[in-house]
4 protein chains.
Amino acid sequence: MPDDRSATLFDRTLRNLRRAWTDLSDTTRHYISGQPRPGLPDEDLARVRGEIEACVVGRGDEASVRARAAALGQLYMGLDAVGRQRFLAVLASEFGVERETVDAAIQGVQEADDEARASAEARLREALEPRWRALLGRFTTLPDGVKFLVDLRAEMLMMAREDKTIKALSDDLRTMLGAWFDIGLLDLRQIDWESPAALLEKLIAYESVHAIKSWDDLKNRLDSDRRCFGFFHPNMPNEPLIFVEVALVNGMSGSVDDLLDEAAPEIDPRTADTAIFYSISNAQRGLGGISFGNFLIKRVVELLSHDFPNLKTFATLSPIPGFARWLDGQLKDEQAVLLSSADRKALTALGEGANDGALLSNLLGRINDPSDEALADPALVDALKSPMMKLAARYVLIAKGRGGRALDPVAHFHLTNGARAERLNWMGDRSERGFDQSHGLMINYLYRLSEIEANSTAYVTDHGIAESTAMRALARG
Amino acid sequence: MPDDRSATLFDRTLRNLRRAWTDLSDTTRHYISGQPRPGLPDEDLARVRGEIEACVVGRGDEASVRARAAALGQLYMGLDAVGRQRFLAVLASEFGVERETVDAAIQGVQEADDEARASAEARLREALEPRWRALLGRFTTLPDGVKFLVDLRAEMLMMAREDKTIKALSDDLRTMLGAWFDIGLLDLRQIDWESPAALLEKLIAYESVHAIKSWDDLKNRLDSDRRCFGFFHPNMPNEPLIFVEVALVNGMSGSVDDLLDEAAPEIDPRTADTAIFYSISNAQRGLGGISFGNFLIKRVVELLSHDFPNLKTFATLSPIPGFARWLDGQLKDEQAVLLSSADRKALTALGEGANDGALLSNLLGRINDPSDEALADPALVDALKSPMMKLAARYVLIAKGRGGRALDPVAHFHLTNGARAERLNWMGDRSERGFDQSHGLMINYLYRLSEIEANSTAYVTDHGIAESTAMRALARG
Amino acid sequence: MPDDRSATLFDRTLRNLRRAWTDLSDTTRHYISGQPRPGLPDEDLARVRGEIEACVVGRGDEASVRARAAALGQLYMGLDAVGRQRFLAVLASEFGVERETVDAAIQGVQEADDEARASAEARLREALEPRWRALLGRFTTLPDGVKFLVDLRAEMLMMAREDKTIKALSDDLRTMLGAWFDIGLLDLRQIDWESPAALLEKLIAYESVHAIKSWDDLKNRLDSDRRCFGFFHPNMPNEPLIFVEVALVNGMSGSVDDLLDEAAPEIDPRTADTAIFYSISNAQRGLGGISFGNFLIKRVVELLSHDFPNLKTFATLSPIPGFARWLDGQLKDEQAVLLSSADRKALTALGEGANDGALLSNLLGRINDPSDEALADPALVDALKSPMMKLAARYVLIAKGRGGRALDPVAHFHLTNGARAERLNWMGDRSERGFDQSHGLMINYLYRLSEIEANSTAYVTDHGIAESTAMRALARG
Amino acid sequence: MPDDRSATLFDRTLRNLRRAWTDLSDTTRHYISGQPRPGLPDEDLARVRGEIEACVVGRGDEASVRARAAALGQLYMGLDAVGRQRFLAVLASEFGVERETVDAAIQGVQEADDEARASAEARLREALEPRWRALLGRFTTLPDGVKFLVDLRAEMLMMAREDKTIKALSDDLRTMLGAWFDIGLLDLRQIDWESPAALLEKLIAYESVHAIKSWDDLKNRLDSDRRCFGFFHPNMPNEPLIFVEVALVNGMSGSVDDLLDEAAPEIDPRTADTAIFYSISNAQRGLGGISFGNFLIKRVVELLSHDFPNLKTFATLSPIPGFARWLDGQLKDEQAVLLSSADRKALTALGEGANDGALLSNLLGRINDPSDEALADPALVDALKSPMMKLAARYVLIAKGRGGRALDPVAHFHLTNGARAERLNWMGDRSERGFDQSHGLMINYLYRLSEIEANSTAYVTDHGIAESTAMRALARG
C-alpha cells in the first residue's frame, strides 16, 4: 500500500470505492450476513471461507458472481491488519492448486504418446491454475477493481516478507496483473498543467527521486520547457504507473538544483538541443516486478524527436544512490581493491579521520555551506573532488553486484536499456538526500538511438558497459 | 478471418497496418534480408525459423525486439495461404514447450516436500509456457497489433480444422487473448448515429442475425427509439467485440419485420414500457471461445433501467435457428417421440406429402405470399399454426443436446444467462432466412432481474428450464 | 430552408427540436392558450402579436422570457407557409425601430455640442436597434436555437424576394448572425471517415459542386490521400458552415473525373507534392451574405503545409460555371468583341450551325461518347479545342461583370482571395453538369502564399488579374 | 486588467500570446518598422496611426489584414502605461464614426418617404459603426485574441475613469463583446477536482467572495458533497466568466465558516435536501456590464434538480456587503428613520460610545474572540443580537438605493432574479472581511422555481420585495 504521504489519497480512493460497491448492494447484501469482526476470529473466518468457496465455484450467472466478489471486497476493506492477513492466509493456503488434480495431470503427461502430449500439457497447465484466480479475477469488473487489485498486491508484498504462503499468492497475482498491464494495453500520455488536478496530486505523492515540495514546484516542472510523460492503464485513468520528467535545455545539464530552480527563466523549447530525463518514478508498489521503464524512455525519445527536431542529445541526469554506502564500505575495508592507498590517505586526511561516509559527507556538506567559512576553500575542494570523481567512476563502471551486473541499481537499469555512462557531475544534487546517498554527485547516462541495441545486448550478454572516454579515464585515474 | 462481406474492410486494415509497421522500418529492415517467396519454400522457411528464434530469445533491448516482431508480422502478411500455414506450423511445432524442461520441472514437483511444493509448481507452470508466447505477445505493442492477433487467431481457427498442431497454438492464443480481453478491461459504449462512420460500417459488416441492408436500414436501427450497445477493447476503438440492438416499444414485440420497417413511426422512448433485444452479434471470429454476451445483456439492462425508468419488461425477440432442421429430422424419423402421429398426419396432409422441411417451409412461405391466392386461406393457416407452435415449444423446452443442455444454441445461451422462455411468435420473421431456419417463428426470452440468478443456477446445475405457463401449455399440447 | 435532398434531415432536426423545446413546457405551456390555426388568421394573429410584445418587452426574469421565446418558436413551427409569412410580416412591420425614438435621437445628435456628440450618437445607435432583436436574440439560449435562427433566415430570404418588409428583417438577422458567426469563434475541423455519420450525411446533402452519389463515393473522398475541412460553430457541432475537399496528388490535376474515380489507387499522402482544392461548398443558406471561404482556404493551406512538408503547390480544380451561357450569348451577339469572326466561323462550321451553346455542348458531348463513332475524330477534337480554350481564357480573364469585376463568380471569388488564374483543362469535367455549364472545361487557380497579398490587393483595388503566361497567351490567341 | 493576485497568471498569458503571435511574424514583421518606444512619443505615434489606418481600411486579403492586426497587438503589449493610454486615445478620438457620413445618413432618413425609410435607417445604422471595430474585430481570429480583447477592455475601463474619449471606445467594445459572449454561445461546465490545474488556479485567483486560501481549501470546495459550475466561452476554455460554488447539505446553512471547514465530514450528496449557493464570482473585469449571473443560477438549479432528486430547497448563503457602512451612516445621522432611538441607545451603550461601525465591529469581534474573556458574555451577545438582526432586516428590505431598488447590491441581484429574502444568520461569517462588511451577519436568499417569475416581475416593475414572514417580522421589530 502507498506510504504515509499518500495515505489521504488512498483513504479517498477507498471511500469512493466503498460507496460504488455498496451501490451494487441490492444484490450483494444478502450474501454475507453481517460484517465480520475486524480481526476475523476463527468463527467469522469460517463463514468467510464458505463465501470464498461459493465465489470460486462460481454458481449462478456471471453478474451474480461478480456481486459476490464485491461483497467479499467490501468485507476485506472493513478488516484490520490482523484480519486482512488472516483472510489472505486462508486464500493462499486453501484456494491454491488442488494437489490431486495436478498429480493426475502430471501422470497424464507422463503417459501421453507424442500425439497426445500437447493436450496433456494443456490439461496440466490448467490444473496448475490456482483456484484463487476465480475470485481475484472477478474484481476487474468492479468499479476501480483493477486499482483495488494493485493495492491488494502492495499489501501482499508487505505481508509476504513474513508469511511465505502469501508470497505464492502475491507472485501469482503479479502474473495476473502482468497480463492486464501488458505494455501494449497502456497509454503513453503527456502530463502538463492542463491535466486534471486529481492526476497532478498523484505526481506529488508518487515522485520518488526529487520530492515535489508544493504545487508551485510542480507547476515549474510542467512549464513550457519541460515535459512529463506517464504510462496509464485504461481502468486507472488518473493513476500513472510510471512517469518521467524531462527538461529541454541547451547542453547536457549537470545539476538538478538548477533544473528545479523555480526562479530560473524558461527557454523556448523549440530552440533546445538536449532533453534531460531527470526523474523516473514507479508509482504503483503493487506492480512491483512488472517493468515499464525501458519502454517508457524509448517511447518518450521517439515522441520528443518528432515534436522537437532540434533535439540532438537525449540523456538522463541521474542519482548514484549506492555510492556513499559503497564508499563507506570501501573505507572500512582494508582490502578494498578499488580504493588505492593514496586515495584512502587523501580522503582520511581531509576528513580528519573521515573513515566513514558520514564524516566525509559532512565534510562535503560543509564545503558548500556558505556559513562554514573555514571550509570554503577552493584548494580543499580541489583536493577532494579529484579522488571522489575517480571513486564514483569506479563504483559505476567496475563495482559488481549479483551475477556480475552493475552494483548501482540505477546504473543497472539504464545500462540494461542500452544507455552509455557519459559524465559525472560534481555537486549536482545538494539536497540532503543527494549528500546522504552520493555525496552530491550525479551522473548522465546517454541514450543514442543508433547504439542502444548494441549496448543493451553487450550488457545483457556479457555485462559489457558502454562508457565515454572521459568516464573510462576517470576510473583508471 | 472475416468473411467476404468484410473483405474490403480487412484489406484496408491490413494496408494501414503495413504502412504503420513500415514506419518502424529504419530499425526493422535489416533484420530480414529480403521478403521471402509467398509460398515460403523450405529454403526461405529456414531463414524465417532463425528470425523467429531470435525474437523468442529476445536479445537486445525491448524496443529492438519489438521491431523484430514487426518485421515478422509484415513478412507474414506478405505470404499466401500456403506460406502462412507453413509459417504457423513451424511456430506451433517447434516453438512450443521444451519437453526436457517440463519433464525436469515435473520431477521437481514430485520430489518436493510440502514446503517446497508451491515454488516447484510455480516452476512447472513456467516451464509449461510455450515459447511462441514470446513472439505473439510482442505484437500488442505494435500499432493495431491486438487486432492483428485477433485476426491471426481467426486464421488459425480455420487451419486448425485440418492441422492438429495448429490447434494447440490457436488454443494457447485464445488463453492469451482471454487475459487481454478480460471483461473488466472492456468498455461498454453506446453506438448511435453520432458514432464514427468507420465504426458504423463494421456493424453493417458484422451483423449476423438480421442483415443490415443499407445505410438507411442502419440509421433506422439507431433512431431515437432504438439503442445499440457494444463492448470495445481500448486497443480497437472502432471494432465492436459484440453488439446488441434494442428497440424501445410498448408491449412485447412479436415480429422483427415490424421492428425493421423503416417506414414505421418513431415513438418517444421515454414512454416505452418494454426493451426488446432483437439482435446480438459476435463480431470477432478470432475471439471465438471467449464469452461476452452474458455480461453485455446484464449491463445493458442496468443502463436502460437507469435512463428510462418507465421500462418494465426486458425481453429478447430471438430466432430459433435449429427448429426447421430438427423438425425435418423428426418428420423423417418414424420413432420421433416429440412428434405425435396426429401432428405428423396433420402436417403431412397439409404439405401434400410434406415430410421434409423444405416442402413445409415452402408451404408456410406460400401462405404468406399475396400472389399465391390458393393458399391465402385462413383455415389452412389455422390448421398449420397449432401443430407448428406446439412443436416449436417442444423443440425449445424438451429437445436436448450435448450433456443435457437445450438443443437450440440460442435457447442455451439465454437460459444459461438466467432468462425464461416466454412466448412463441407466429410469423415473426418472414425473411428468407427466417423461413429457412424456423419456418418464420420467433421466440421471446424474458429477463427478470429478480429471477436471473435462480434461473441461471437451476439451468446450469440441473438443466431446469424456466418457462412461462403459456409455453408449458403449448409444449404439452 | 434546405432543398429537397435534405428535406428529411431538416424534418428530423425540427422533430428533435420540438421535443427539446416541449421539455421546457412546464413553464411554457401557459403562455399561449392553444396552438393557433396553421394559416394564422387575423384573430389568431392578434393573440400572437400580444405574445410577441410580451417577449420583446421582456417582463419577468430572464429564464421566463426565454421560455416565452420557446413557446413562440414552437408556435411558428406549427404554421404553414402562409401562416409563417404572416407571422414574419407582423414581426417585420410592427417590431422594427420606433420612428419617434429615432427622430428624437437624431435631434439629439444634431443639437449636441462636440463634447456631447459621442453619447448622442450612442443613443441614436441604440434607438436604431429594431425591437425584434429582443425576440430573435433569445433563441440562442434554446437547444439548437442557433440552427433554428439560421434556417429561419433561409426562410426569410425566400420570402424577401416578394415581400420587401421581410427583407429588412432578413438583413438585420444577417447582422445578428454575423456577430455570432464571427470567424474567430468558428472551429476549423478535419472531417474524415472517423467523423460521426450524423455529420457525414450533411456532406452528402450539402455538397454543391460535384454531387456525392453514395456513401461509397463519400468514403472515397475521405480516403487517406484526401482531406476535407470545414468551419463549425460551437452551437452546431454536426453542421458544417462551409467545407472544402482536397486531393493530395502529384502534379496539378486537370480532371475531376479522375479525382472522383473510386477505382483509382490511393497514394501515400506523404509523397504528394500538390494539394488540389476540388470542391468548396457553402452549407447554410441562412448564412448567405456572411463570407467564410477566404479564410477557410488560407487556414487549410497552413494546416496542410504543416502536416505535409513535401507539398509545394496549392491549387484549385474549379468549374467555370458561367462559360457556356456567356459563349452562347457571344455566339448570338453579332457585335461580340471577344469572339473573333474566325472563331465564330470555325465553331459554326463544326457545329453544323452550332450558333448556340446547346448544339455546341452536344457536339462536345458526342466527341467523348464512345458510341458516337462518327465524331471520335482527333482532327475534329483538335479543331474544336483550340478556339474553345481561347474563348474560355477570354471569359475568365477579360469578360467583366458588375463594377468591373470578373464575370465568372468562381473566378471572382478566387481572384479576390489572391489566387492566380493558372491553367485551363480540356475535358476536365465530363458530367452532365460539366458539359452544361462549361462544355467540360475546368480551370486551376493557384495559391502562392508569397503572392496572395499583392494579387488580392491588385484585384480588389483595380481589378487587375493575376494570370499565368500560358493563360495570357491563350486569351490573346 | 486582473488584480495583483493574478498578475503572474496574466503575465503568463501574455507571454504565451506573444509567442503565438510572433509565429505569424513571417508575414507580420515587415508591417511595422521597429518596435516604437514604450511611451509612444508623437513621432512614433504618427507611424502607429498610419498602421491603424491601413488595418481599418483593410487592404489586401483577409489573412494579411489579420497579420497586420497581430502586429499592432504585439506593439501594444510592448508599450508602457503612458504609451497604451496614448494608443487608445488616438484610436478613440480618430477612428470613431465619421461625422460627415453620419450627418449625410441622417439627412437621408429625414428625407426618406415611408417606403425608403427602412433602408435609410439601415444606412444610418451602418454610418454609426465606429471605424475602430474594423481593427478590434480582427483580434478574434488571433490565438487567444478574444481573451486579449477582454483584458484590453479591462484596461480601457480603468483609463476611462479619467479619459472620457476612451469611455466611448470602452462602451462600444462592450457592445462587441456582448455579441460574442451571447449567453447562448456559452458553455455551462461543472468544475471539479478532475478539471485542469490551469483552470483551477483561475478559481483561486478569481474567487471574490470568500478567498480560497490554498489548494487544500480549493479541494475541499470541490469535494463530493460540493458542486462548482461556471460559464465558459469556447475561445477561452480555461477561463471561467463567472462561477458559483454550491454545498449540498441538510437544512439551510447559516454559517459559511462551517461550509469552508476542511475538517468537516463529507456527506453522501444523494441524501442532501438543500443546495446552498455560497459564492458567486464574476471572473473577467473586461466583461463588466454584461450579465451572466441570472442565467447561471437558474441553469445550475435545473442541473442539480435533475442529478439529485432529493433536493427540495435551493438557497444562497450570501454576504450583506453594504450593511456595516450603512449602519455606520445611520448611527452618525441623527435623523435616520430606520434606526429607532431605543436601538441607537442600546448599541451605543454596548459599544461604550460605539457610534461608528468600527467600534461596533470591534465589539462583535471581541465577542467571538475566545481570548477576550470579558466579553464572552451571553447576556451581552443577546443584547447585541436583537437590535442588529432587526437593523440588518431593515437594511435589506427597506433601505433604498438608486431608482428605488434595494440598497444592498447583492440583495438587488438576487431579488431581480426572483429570489426571496429568507433568513438572517447571526455570526455566519467570522472572517475579517465578514466583520468589516456586515458585522458577521449573513443572509439566505431562497429560490423557489414556482415563484421566481412572479417575484422577479414584482421587483423589476414596482420594487416589491419577496420576503419570508420571519424577515418581515424582524424588520418591523
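As a basis for the values below, the full set of heavy atoms in this structure was taken, side chains included, without hydrogen atoms, waters or symmetry mates. In what follows, every chain begins at residue 1, and chains take the letters A, B, ... in the order their sequences are listed. Everything numeric in this text was worked out from a predicted model, so none of it was measured.
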Quick check for you: among D:Val109, D:Asp114, D:Asn417, which has the greatest number of heavy-atom pairs under 4.5 Å with chain C?
D:Asp114

I'd like to know whether CD of D:Glu111 has more than 12 heavy-atom contacts from other residues, nucleotides or ligands below 6.0 angstrom.
yes

C:Glu126 atom CD, over 12 foreign heavy atoms within 6.0 Å:
no

In terms of heavy-atom contacts, C:Ile106 and D:Leu124 come closest through CD1-CD2, 4.2 Å

Given 3.5 Å as the limit, does a donor-acceptor pair link the side chain of C:Asp182 with the main chain of D:Trp180, or not?
no

Using 4.0 Å as the upper bound for N to carboxylate O, is an ion pair formed by D:Asp103 and C:Arg117?
yes

Charged N to carboxylate O under 4.0 angstrom, D:Arg125 versus C:Asp171?
no

Which atoms of [X] are under 4.5 Å from chain D, going by heavy atoms: the side chain, the backbone, both sets, or neither?
X	result
C:Asn235	side chain
C:Lys167	neither
C:Asp172	side chain

Pairwise distance CD(C:Glu121) to CZ(D:Arg99) - rounded to 0.5 angstrom
7.0 Å

Can you tell me how far CG of C:Leu128 sits from CZ of D:Arg123, rounded to the nearest 0.5 angstrom?
12.5 Å

Per-residue contact mode, D:Arg138 against chain C (heavy atom under 4.5 angstrom):
neither

